[in-house]
Structures are given as C-alpha cells and as structure tokens.
Amino acid sequence: MDQPSRVSRLWASKTKALIAVGSGTLVMGLALPVLGALNGRWTASPSTLNPNLMALRDTLGIEAFPKVVSSERLCLPTSLPRSPGASALEASVPAIFQPGGLGDMADHLNPDQVRQLGVVAWPDIHPQATQARVPILMYHDVLSEPEVFFDLVPEQFEDHLKTLKENGFTAISLDQLMQHLRTGAPLPEKPVVLSFDDGYAGHYEHVFPLLQKYQMPGVFFVFPGKVDGDIVGRSTLTWDQVKEMAADPLITIASHSVTHPPDLREFNDADLTYEMTESKRRLEAMIGQPVHYFSYPAGHYDERVAQAAADAGYLAAFTMRQSNEQFAGASESLLAIERFGQSNLPTLLRRAWGGESDEVPPITISRPSPQRETQLVAQEDNHFNFQTPVERERYEVGQNTLTLISGGRPVTIHANSRYQVPEILTGTNAIGAVDGGFFSLKYLDSNVMIGPVLSQSSRKFIPGNASENPLLNGRPLVLISPDQVRFTPFEANQHNTLAGVYRELPGVTDAFVAAAWLVKDGEAQSAESFGTLFDFDAERHRAFWGIHRDGYPVIGVSHTMVDSVQLGQLLHEAGLRDAVMLDSGASTSLAFEGESLVGYTPRPVPHVVALIPPEANDGSPCPLVVNGSNPSRVARN
C-alpha cells in the first residue's frame with residue numbers, strides 16, 4: 001500500500017474522533033503509570049543513544065553545580081578541544097550548555113567511554129535526576145485571534161518568555177534534558193523546556209522569532225500528515241518553514257505521529273508501527289537531521305505503544321496529563337516524560353528546581369520569615385578568613401585536653417570506601433583533617449553517608465536516604481563555599497537536592513549533615529539544645545570543627561573523655577563562634593602532615609573535613625587536589 005492511501009485510510013477511520021487540529025478542541029489523555037513495571041522488558045533501545053547523548057564525565061561543569069556562571073565551570077579542566085575562534089566567555093561555558101554541544105562531543109567519545117559514565121539502563125531515569133524539579137511547558141497555537149482557551153496571542157507568549165527570564169529560569173534543549181535524565185548530570189539554574197505541539201503556522205510566524213529574540217531553545221512536535229496537507233484543519237507550517245527552523249541550533253524538530261490520531265492504543269500493530277516509523281522517516285528526509293524524540297498525540301500510551309516508540313528508535317517519548325501534572329524527573333521512564341500545560345507557568349515559577357516542595361503549603365518567597373531574616377542579618381555580620389597559615393596547637397583546660405588545627409581553606413573529601421584519615425590525605429594538597437559526617441555501618445566498605453553529601457573530591461551531589469532524612473531535621477547542615485561557611489538547620493524537604501543546598505548558599509562546593517551544634521552564634525549550647533541525640537551526655541572522645549571568632553576554620557578532637565555540653569564550653573573558651581560535632585566515639589580521628597594525632601587506632605571512615613594551607617591553594621573555587629597516589633579516590637557511583 002502506498003503512503004497516501006495508508007494516510008487516507010487511517011484518517012478516514014477516525015473521522016468521528018475529536019482531535020485538536022481539526023476541531024479546535026484539545027483532548028488530553030491521562031498518562032498511564034504502566035512503565036514502572038516494565039523493568040527489563042524493552043526489546044529494543046535506540047542504537048544512537050550512547051554516542052549522541054553522553055558527555056565525558058570530566059567535561060567542564062558536568063558533575064557538580066547547578067549554575068553555569070558559578071564554581072561549576074571552574075572546578076574541572078576540560079579534556080575536550082574548544083571550537084576554533086570561540087570567545088573567552090564561550091570557552092568558559094560547559095560544552096553541554098552550548099548549541100550543538102552534544103553532537104560535537106560525540107566525535108570525542110567511544111563506546112568504552114560511554115559505558116564508564118555510570119548511566120542507568122535505558123529507558124530508566126537516573127535517581128539523581130528525580131531530585132531536581134525540571135518543568136516541560138507544553139504550548140499549542142500562538143496567533144493574533146485566539147480560537148480556543150489554550151491559544152495565546154504573541155504578546156502573551158512574549159510575556160511568558162520575559163517572566164521566565166526575570167525569574168532566573170534558563171530554557172534548555174531536549175538534548176540537555178536527556179543528558180540530565182540519563183546521567184543525573186546537573187543543569188543550568190532553574191532549567192525549563194519549551195515544547196510546541198502540532199505544527200501551526202503561528203509557530204513559524206510568532207514563536208520562532210521570539211525564541212530567537214530571547215535566545216531560548218524550543219522543541220516542535222510536528223506530524224507530517226498536516227504539513228503534507230493530508231490532514232485538513234487549522235493553519236499549518238510548510239516544509240520550507242520546518243527546514244528553516246530546523247537549521248537554527250535553538251530548534252529541535254520532533255515527531256508527533258503521521259496523522260495525529262486521538263488514541264494510538266486503538267491501532268493494530270501494523271498501523272501503530274507506521275505512525276511511529278513513517279513520521280520519523282519523513283521528518284528526517286525533509287530536514288536532513290536525525291529525529292530522536294516523539295510525543296504521543298493527546299498523551300495516550302500504554303506498554304505496547306511505548307514499545308513501538310522504542311522499536312522505532314526514539315530516544316524518548318513525551319506525554320501529558322489532564323490533571324496532576326508532573327516534573328520531568330518524576331516521569332515513569334524516558335518513554336513517558338511528563339509535561340505541564342502552559343497555563344501552569346505562574347505556579348511553576350515558585351515550585352520548579354529548588355522551590356517549594358509539592359508536599360508543603362505555598363510560602364511567600366520574596367521575603368524571609370522574621371526568624372530567618374534575623375539569621376541572615378547575623379550571618380552578614382560574620383566574616384571569614386581562609387588565608388591564615390595552618391597551625392597545630394594543644395589546648396588544655398583543667399583535666400581536659402584538645403588538639404586544634406586551625407587556618408587555611410576548609411574542604412571535604414568523600415572517599416570511595418573507609419580508610420584511616422592519614423590515608424585519605426595521601427596525595428592531596430590538604431595538610432590536616434578530622435573525621436567528618438556520619439556514615440552507614442551496614443557494610444564494612446560502604447561510603448554511604450547519613451544525609452546528603454557534596455564534596456570537592458567527587459564534585460557530585462549524592463542525596464540522602466529519603467526515609468532517613470526526616471530524622472535529621474534540625475541538625476546542622478554544613479555548607480562550604482569559596483569564601484564562607486554556613487551552618488543551618490537541615491530540612492529534609494528542602495536540602496536533599498543540589499538545587500536546595502545551592503539556594504541556601506550559592507556557590508556551595510561542599511555539604512554534609514553534622515551531629516549537633518556545640519557552639520552557635522558565639523554561645524555554648526545547653527543540654528536542652530541536644531534534644532534526643534543519642535549519647536550526647538556520655539563522656540567520649542569527640543570530633544568537631546567550626547569557625548573561630550576571627551574567621552578562620554578550626555578542626556580538632558578531644559583527647560580526654562567529654563560530654564557534648566562540656567565540649568561546647570571548652571570550644572567557646574577557645575574562641576570558636578560556631579562549632580558542630582562530627583562522628584565521634586570510635587570514629588574520632590585527627591591527622592596532621594601525614595600522621596595520626598590520636599593515641600589509638602580509630603574506626604576507618606569515608607568522609608573528612610580537611611584544611612588546605614594558603615601556599616597550596618591556587619585560588620580556585622575548588623582548590624582540593626587529589627592525585628593518583630591517593631587510595632581513597634572517590635568511586636563514580
């Protein structure tokens with residue numbers, strides 16, 4: 001059967017159905033939660049997935065930070081060549097965030113490199129990608145005279161783009177989103193995807209020029225039956241317009257089936273395959289580019305329809321709901337990526353990325369609460385000095401003895417297993433370190449931390465266990481940036497994402513959850529402040545770190561057995577304005593210049609707070625150096 005006759009037959013069978021382009025009415029389908037149960041059942045995956053979508057793990061800025069203009073692009077050297085004639089600004093931006101970046105990277109990858117990236121099995125979504133709330137906005141027609149409720153006039157659409165810009169959002173391409181969903185790699189701050197369904201003339205006349213004006217990427221889901229004129233309805237793009245748009249690096253052309261049927265689930269296998277494969281073939285032939293993405297008409301899909309999308313070679317497929325719309329990371333899989341209707345934009349401005357949790361009532365984000373405002377003012381009065389020499393001293397008060405190491409720049413190291421602290425310092429430019437946060441004791445070689453962790457040694461944010469995190473609420477969340485340290489109460493629903501800790505301290509390079517405050521805002525803490533913390537009143541060896549009232553960092557341990565209240569009083573007398581307790585008891589460890597400073601063999605640990613002396617600090621926002629002689633280099637898990 002030739003192509004026109006098949007199109008005609010399929011369209012004739014649906015003449016009584018209501019579809020968006022023919023009637024001016026949008027029929028939204030409910031995204032069915034069927035893909036979660038399909039583990040291992042996909043019989044085909046796109047052969048082009050690896051080389052086209054994966055970036056080298058050491059590519060500048062890919063691993064740790066959510067904002068292109070922050071520490072992320074300074075922490076890692078790039079191993080990829082720069083484009084000839086690239087400006088200094090262009091050269092400083094990670095290749096993944098530049099137009100055509102993924103395609104260029106494919107030339108520098110081989111299958112072995114791709115396999116080393118630690119991506120999850122296709123079409124699963126990487127666990128870290130579930131932490132950032134990335135919205136995909138779905139638009140339909142933009143025209144001078146609206147015909148239905150979901151139409152926009154050009155001025156309204158431009159207002160949307162202005163609003164996104166003014167609220168700090170960054171429009172990203174589908175390639176960038178796929179990189180994030182496949183590897184957990186971070187995105188620019190407040191990312192959003194702009195998608196446009198059906199291929200209306202207004203997409204070329206109004207949307208395309210505005211995307212160019214504001215330099216925002218967009219994806220257009222087009223169905224060839226409309227452009228060919230086989231499907232009669234509202235205005236349509238021409239093939240010349242589709243080609244012109246596809247030639248712009250900002251634009252991605254994607255498939256929306258051949259005829260835009262109301263429900264692909266009703267098709268037999270042969271017709272379903274045709275809708276998937278012929279649309280892809282026709283679009284690729286006309287624009288001269290590969291078509292990687294598919295959008296289910298009206299959002300309807302099931303296991304068989306999703307399998308057909310996989311068999312056709314699509315990297316991802318997109319759906320939509322009538323209600324309870326979800327962020328991209330909350331999708332069932334890459335074959336059922338969720339989207340929001342454009343009318344949700346006002347709500348998304350405060351919910352997306354590191355904004356309000358879906359589980360808590362709305363809050364006013366323009367002004368902090370009076371308590372938080374007081375904390376912020378107090379924090380502004382504090383000063384920090386990370387340029388003082390690193391010195392070791394023994395501090396004795398009565399029967400109690402402490403060793404303090406002070407000065408330099410504080411950093412953390414998250415090892416790939418458990419080691420003695422001197423081993424963790426081997427091959428680094430840190431001169432001293434104390435054992436750090438609490439960790440899981442389930443396995444002897446585990447480096448799993450209690451609560452979220454971000455370390456300069458890995459440049460990777462690892463969320464804490466969702467079921468354990470609420471038990472940590474109120475404990476000190478330690479945040480370190482190039483020029484300051486902040487200790488703030490941990491809140492599980494705000495701080496278990498990279499975006500959440502970044503909101504708390506922009507430029508954050510290290511983060512973890514400590515046990516309790518020993519000294520807070522210049523005051524030693526009372527017994528009541530420790531609440532139900534286990535053994536806070538027991539006399540034990542204890543580890544700690546904090547900031548001296550003169551602004552330099554201090555790490556240390558107690559050599560005599562002390563309880564938490566006693567230790568806080570000692571540190572207050574020693575001049576610390578803020579100090580938190582670290583993992584103590586059997587884990588209490590301190591090392592300086594390669595030697596342990598405790599008179600016993602402590603329990604090996606996977607995490608330390610370390611100090612880099614000024615002479616070993618090259619001025620980078622991430623000055624930690626870990627060379628190949630270090631046995632505890634972080635595993636890329």
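Since the model is a prediction, treat every value here as computed from it, not as a measurement.
Salt bridge present: Asp228 and Arg282 bring a charged side-chain N and a carboxylate O closer than 4.0 Å.
Taking all atoms of both residues into account, the shortest heavy-atom contact from Ala492 to Pro470 is CB-N, 3.8 Å. The minimum heavy-atom distance between Leu348 and Pro135, with the atom names listed, is CD1-CB, 3.9 Å. Considering every non-hydrogen atom in both Pro261 and Glu275, the closest pair reads CD-OE1, 3.9 Å. Across all non-hydrogen atoms, the minimal contact from Ala246 to Gln289 is O-NE2, 2.8 Å. The minimum heavy-atom distance between Met276 and Leu264, with the atom names listed, is CE-CD1, 4.0 Å. In plain terms, the two heavy atoms of Leu237 and His203 that are nearest each other are CD2-CB, 4.3 Å.
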query: Do Ile287 and Met245 pass the side-chain contact (heavy atoms from CB on, under 4.5 Å) test, and can you show the C-alpha distance, the side-chain angles, and the key distance before you say yes or no?
result: CA-CA 9 Å; Ile287 67 175; Met245 293 167 64; over 6 Å; no
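Gln342 CD to Gln156 CD: the interatomic distance, rounded to the nearest 0.5 Å, is 8.0 Å.
Each of Phe221, Phe196, Tyr296 was compared with Phe318 under the ring-ring contact (aromatic ring centres under 6.0 Å, His included) criterion, and only Phe221 meets it.
Residues His260 and Asp198 have side chains that bring a donor and an acceptor to within less than 3.5 angstrom of each other.
Proximity of the aromatic rings of Phe157 and Tyr139 is defined here by a centroid distance below 6.0 angstrom, and this criterion is met. Note: Phe340 and Phe327 meet the aromatic proximity criterion, with ring centroids under 6.0 Å apart.
Seen from the ring of Tyr200, Arg234 counts as a face-on cation partner, given the 6.0 Å and 45° thresholds.
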